[in-house]
Amino acid sequence: MTRQGGFGTTIKITVTSTLTAVTHAQDIEFPEFEKVLADITGHDAPGGYEEIIATGKRKMNAFKIKLTWDVAEATHAAMVAAFNSDNTVAMSVEDPDGAEVITFDAHIAKLGRV
């Protein structure tokens, strides 16, 4: 299978109910995951050190994708449609070897052109 851009990382977006590889991807950041922590430090904390607990929440942080933009490309049009919508769009990101595939529902929060 030939992969495009992002050093072999593949990003997919839903186009007419099918996860489709986004074309002309030049650079794809792999997403970071985060455990949400809360500060519960009291004035009587031992040694005055911060005390932290896990909240039980987890999140996948926002990440960037750099494309060679083609307004006629279906996957790029899907990104614009997702940006214009208040609903999420099903997406996935896959490492170059296909060993790890992360599927998620996303909001396209920002589009920029140079």
Side-chain angles (χ1 to χ4, degrees):
M1 174 186 251
T2 302
R3 301 190 189 275
Q4 293 188 34
F7 301 101
T9 302
T10 301
I11 186 85
K12 294 182 179 179
I13 190 167
T14 302
V15 177
T16 60
S17 303
T18 303
L19 276 175
T20 306
V22 175
T23 59
H24 309 304
Q26 291 183 349
D27 190 25
I28 302 168
E29 293 179 0
F30 220 72
E32 292 181 331
F33 293 86
E34 187 174 339
K35 180 185 347 183
V36 179
L37 304 173
D39 181 344
I40 61 158
T41 309
H43 291 288
D44 60 347
Y49 281 91
E50 179 179 51
E51 296 176 303
I52 301 292
I53 61 167
T55 65
K57 295 179 184 179
R58 307 287 190 274
K59 67 180 183 175
M60 185 172 82
N61 291 326
F63 60 99
K64 293 180 181 182
I65 306 165
K66 183 178 179 181
L67 308 173
T68 300
W69 191 257
D70 183 351
V71 71
E73 181 58 49
T75 54
H76 297 192
M79 287 189 177
V80 173
F83 175 78
N84 289 329
S85 174
D86 290 334
N87 298 319
T88 59
V89 62
M91 296 185 75
S92 70
V93 64
E94 181 176 323
D95 73 346
D97 296 329
E100 184 175 18
V101 178
I102 302 168
T103 57
F104 50 93
D105 293 325
H107 287 283
I108 305 294
K110 187 184 290 188
L111 292 173
R113 293 178 178 84
V114 177

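For the numbers below, each heavy atom of this structure counts, side chains included, while hydrogens, waters and symmetry mates do not. The structure presented is a predicted model; accordingly, all values stated were derived computationally and were not measured.
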(message) Between Leu19 and Leu67, is there shared hydrophobic-cluster membership here, with clusters defined by ILVMFWY side-chain heavy atoms closer than 4.5 Å?
(response) no

(message) Quick one, Ile40 and Ile52 - any side-chain contact, counting heavy atoms below 4.5 Å?
(response) no

(request) Kindly say whether Thr20 contributes a backbone atom to a donor-acceptor pair with the side chain of Thr18 at under 3.5 angstrom? (result) no

(message) Quick check on Tyr49: does its OH atom have over 12 non-hydrogen neighbours (other residues, nucleotides or ligands) under 6.0 Å away?
(response) no

(message) Can a donor-acceptor pair be found, under 3.5 Å and without considering hydrogens, that links the side chain of Glu29 to the backbone of Lys64?
(response) yes

(message) For residues Trp69 and Val89: do they belong to one hydrophobic cluster (side chain heavy atoms under 4.5 Å, members Ile, Leu, Val, Met, Phe, Trp, Tyr)?
(response) yes

(request) First locate atom CD of Glu32, then atom NZ of Lys59, and finally report the distance between them rounded to the nearest 0.5 Å. (result) 11.0 Å

(request) Please determine which of His24, Gln26, His76 meets the side chain to side chain donor-acceptor pair (under 3.5 Å) test together with Thr68. (result) Gln26

(request) Output yes when a side-chain donor or acceptor of Thr10 lies under 3.5 Å from a complementary backbone atom of Glu94, and no otherwise. (result) no

(message) Given 3.5 Å as the limit, does a donor-acceptor pair link the side chain of Asp27 with the main chain of Lys66, or not?
(response) no

(message) Checking the side chain of Thr41 only, and the main-chain atoms of Glu51 only, is there a donor and an acceptor separated by less than 3.5 Å?
(response) yes

(request) First locate atom CG of Leu111, then atom CG of Asn84, and finally report the distance between them rounded to the nearest 0.5 Å. (result) 8.0 Å

(request) To the nearest 0.5 angstrom, please state how far the CD1 atom of Ile102 sits from the CZ atom of Phe63. (result) 8.0 Å

(message) Give me the atom names and distance for the closest heavy-atom approach of Thr75 to Ala21.
(response) CG2-O, 3.4 Å

(message) Are Thr23 and Asp70 packed together at the side-chain level, in the sense that at least one heavy-atom pair is separated by less than 4.5 angstrom?
(response) no

(request) Quick one: pull up CD1 in Ile28 and CD1 in Ile11 and give me the separation to the nearest 0.5 Å. (result) 6.0 Å

(request) State the CE-CD distance between Met79 and Glu73, to the nearest 0.5 angstrom. (result) 10.0 Å

(message) How long is the straight-line distance from OG1 of Thr88 back to CG of Asp105, given to the nearest 0.5 Å?
(response) 4.0 Å

(message) I'd like to know if the side chain of Thr14 reaches the main chain of Ala90, judged simply by a donor and an acceptor atom lying under 3.5 Å from each other, with no hydrogens or angles considered.
(response) yes

(request) For residues Lys35 and Leu37, determine if any side-chain heavy atom of one lies less than 4.5 Å from a side-chain heavy atom of the other. (result) yes

